[in-house]
Novice: 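Mind looking over this structure? Questions follow.
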Amino acid sequence: MSSRDWSDLPPDLLHSISLRLLNYSDFLRFRAVSRHFHSSTSATPTHLPTQLPWLLLPQTLSATPTSTLRRALYDISLDKFHFLPGLDLSNRKRCCGSSHGWLFILDEYPTITLLNALTADRLHLPPLSTFSNVVSLDFSNVGREYTLRNKAGVLYTSSLWRMRDMFIKKIVLSGSPVNNRDFAAMAILNQSSELGYCKNGDKSWSIVDGVEGCEDVVFSNGLFYAVNKTGCVMSCDVSGPWPKVCVIDTARIDGGDMHYLVGVEEGLLFVSRYLDMVYEEDFDQPDVMYKTIGFTVFRMDLCSGLWEKMTSLGDRALFLGENSSLCLVAYDYVGCKGNCIYFTDDYSASNCDGYWGDFDLGVYNLVDDSIEPLVSCPRNSRTGLRWPPPIWVTPNPL
């Protein structure tokens, strides 16, 4: 029997086959078979579902002779590291969140850059200097470049690097900037725990009135939802000229050191994270670290406003950290474990201020409350860099 010449397959058939490939890596391999396969399929797949997140790791010294600093993406499905050219971020830049495959990059200038981790496409949000509590920016005033006003009306100053590292905790998008030209961005401010938002095309950020103490924010079912330190959940509609905030009338959930919200089809998940203090002495330097010891998960019915404690996630997996919180069905993804919470270190400056690089990340199993290590981040005893903690990034070519 003669072998089949796959190069003769009609282009429309190849295109139809490519639409059945739901994993981005499989799609790339399919296009790489031959020039015929490559020309018969779209360069940018628009049919792909949400992909299994990759873990953006801290800077590492590459094996190249020049020892350039690179950021690696760890693929848990393939147990493989990806080094992408567009992610050669210097240690003078900070990533303050990821959403829909886009990273939010801050540096010592007021610019806020949106960077697509796969395509290296870049967009810009309004700069830090446009937040309403920023009074002025004077580069000649070295070490005190920013002048800000707190809630009490008192003026204070901040340096370029401190604004980069401390002003914004996390940014979340309402959708991919490519698919949705009317996208909005919501930022949690670190010091005041207020929410700031902007829409595509805005020249400045606006503060959402009536929201304080915010710990997490997520976009789900057409609305932003925020949770504060007391467990109060609020919805925020920014589709109109002014944001509309509505406090969801429900019983408060006690306990937990941190709170997260995760959007799911049936409503919202409320996740509490529990931390414990660990005293370590390494490299002749005592250090106090915080380590995750457990999670509790509650499900909210948005119609009744009632919380139900969940003892199992079933086949679902949660991804929590500085990323936009995500829930996936584990069965659909190779290497993903159901009934588990994949978490990264997004809470303690003491876990990344030094150059020892010991991060709190792992996989929490709801069956037996066990925590497995996710990936080893090497201790950095040579370069003395201030490494940022790892962050989940959803591969998205759009």
Side-chain angles (χ1 to χ4, degrees), residues 22-25 27-28 42-56 71 73 75-77 82 84 86-87 89 95-106 112-126 168-188 195-202 205 216-226 236-239 260-265 268-269 316-329 332-333 336 342 344 346 390-398:
L22 303 181
N23 182 279
Y24 183 63
S25 297
F27 181 85
L28 292 180
S42 173
T44 304
T46 59
H47 69 283
L48 295 178
T50 301
Q51 300 294 289
L52 186 66
W54 293 349
L55 191 62
L56 178 63
R71 301 290 294 272
L73 285 162
D75 185 342
I76 61 177
S77 63
H82 302 283
L84 304 181
L87 291 180
L89 303 174
C95 179
C96 64
S98 73
S99 188
H100 298 278
W102 293 76
L103 299 167
F104 303 94
I105 307 300
L106 302 177
I112 303 177
T113 302
L114 275 172
L115 171 65
N116 188 299
L118 281 184
T119 65
D121 289 341
R122 295 171 186 263
L123 299 171
H124 293 286
L125 297 178
I168 291 179
K169 176 183 178 181
K170 179 179 183 177
I171 303 179
V172 169
L173 294 175
S174 62
S176 170
V178 176
N179 289 339
N180 184 3
R181 291 297 180 181
D182 296 325
F183 74 90
M186 189 73 72
I188 303 176
L195 288 179
Y197 79 98
C198 68
K199 300 178 184 179
N200 186 27
D202 286 351
W205 291 84
D216 194 26
V217 63
V218 68
F219 188 83
S220 179
N221 298 314
L223 296 172
F224 285 100
Y225 290 91
C236 183
D237 185 356
V238 298
S239 60
Y260 301 87
L261 292 178
V262 187
V264 292
E265 290 184 1
L268 287 175
L269 299 184
R316 294 191 287 192
L318 306 183
F319 292 81
L320 306 179
E322 279 194 332
N323 59 293
S324 182
S325 303
L326 184 65
C327 176
L328 297 176
V329 178
D332 295 335
Y333 303 92
C336 185
Y342 291 74
T344 60
D346 66 329
I391 182 173
W392 293 111
V393 183
T394 305
N396 182 7
L398 298 177

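Quick caveat, the model's predicted, so the values are computed rather than measured. Basis for what follows: all heavy atoms, side chains included, without hydrogens, waters or symmetry-related copies.
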Novice: Determine the sole option in S220, S324, C327 for which the side-chain contact (heavy atoms from CB on, under 4.5 Å) test with V262 is passed.
Specialist: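 Among the candidates, only C327 passes.
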
Novice: Which atom pair, heavy atoms only, marks the closest approach of W392 to P53?
Specialist: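 Closest heavy-atom pair between W392 and P53: CE3-CB, 3.8 Å.
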
Novice: Quick check for you: to the nearest 0.5 Å, what is the distance between F183 atom CZ and S174 atom OG?
Specialist: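 Going from CZ on F183 over to OG on S174, the span is 7.5 Å.
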
Novice: Specify the closest pair of heavy atoms between Y342 and A317, including all atoms of both residues, with the distance to one decimal.
Specialist: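 Closest approach of Y342 to A317: CE1-CB, 4.1 Å.
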
Novice: Measuring from I168:CD1 to E322:CD, what's the distance to the nearest 0.5 Å?
Specialist: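 One finds 11.0 Å between CD1 of I168 and CD of E322.
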
Novice: Thinking salt bridges, do K170 and D216 make one under a 4.0 Å N-O criterion?
Specialist: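 Salt bridge present between K170 and D216.
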
Novice: Kindly give the heavy-atom pair with the smallest separation between I391 and S98, and that separation in Å.
Specialist: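 Distance-wise, the nearest heavy atoms are CD1-N, 3.7 Å.
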
Novice: Which residue is it: I105, I171, L123? I am looking for the one with a side-chain contact (heavy atoms from CB on, under 4.5 Å) to I112.
Specialist: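 Exactly one candidate clears the test, I171.
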
Novice: Would you give the length of the straight line joining atom CG of N180 to atom CG of N200, rounded to the nearest 0.5 angstrom?
Specialist: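 N180 atom CG to N200 atom CG measures 8.5 Å (nearest 0.5 Å).
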
Novice: P397 and L118: which non-hydrogen atoms are nearest, and at how many Å?
Specialist: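 The pair with the smallest heavy-atom distance is N-CD1, 3.9 Å.
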
Novice: Nearest 0.5 Å, please: how far is OG1 in T113 from CZ in F104?
Specialist: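 Rounded to the nearest 0.5 Å, the CZ-OG1 separation comes to 11.5 Å.
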
Novice: Do the side chains of L269 and L261 get nearer than 4.5 Å, heavy atoms only?
Specialist: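 No, too far: nothing below the 4.5 Å cut-off.
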
Novice: Determine the sole option in T344, T394, L55, L328 for which the side-chain contact (heavy atoms from CB on, under 4.5 Å) test with F319 is passed.
Specialist: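 So, applying the side-chain contact (heavy atoms from CB on, under 4.5 Å) to F319 and each of T344, T394, L55, L328, only L328 qualifies.
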
Novice: Tell me if a side-chain donor or acceptor on N116 pairs with a main-chain N or O of N396 at a distance below 3.5 Å.
Specialist: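 Pair found, side chain donor or acceptor close to backbone of N396.
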
Novice: CE/M186 to CH2/W205 distance, rounded to the nearest 0.5 angstrom?
Specialist: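 Here the interatomic distance stands at 9.0 Å.
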
Novice: For a quick test of reading the model, state the closest non-hydrogen atom pair linking A185 to L125 and the distance between them.
Specialist: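 Nearest heavy atoms, A185 then L125: CB-CD1, 4.1 Å.
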
Novice: Just to verify, what does F219 make a ring pair (Phe, Tyr, Trp, His ring centres under 6.0 Å) with, not counting sequence neighbours?
Specialist: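 Checked F219 against ring pair (Phe, Tyr, Trp, His ring centres under 6.0 Å); matches are F224.
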
Novice: Among residues at least two apart in sequence or on other chains, which ones pass side-chain hydrogen bond (donor to acceptor under 3.5 Å, both in side chains) with N323?
Specialist: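 Result, side-chain hydrogen bond (donor to acceptor under 3.5 Å, both in side chains) vs N323: none returned.
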
Novice: Please check if the side chain of S176 supplies one atom and the backbone of H100 the other of a donor-acceptor pair under 3.5 Å.
Specialist: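 Answer holds: no.
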
Novice: Which pair of non-hydrogen atoms, one from V218 and one from V172, has the smallest distance, and what is that distance?
Specialist: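 Closest heavy-atom pair between V218 and V172: CA-CG1, 4.5 Å.
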
Novice: Any chance you could measure C336, atom SG, to R316, atom CZ, to the nearest 0.5 Å?
Specialist: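 Atom-to-atom, C336:SG and R316:CZ are 12.5 Å apart.
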
Novice: Is any side-chain heavy atom of D346 less than 4.5 Å from a side-chain heavy atom of Y260?
Specialist: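 Touching, per the 4.5 Å side-chain cut-off.
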
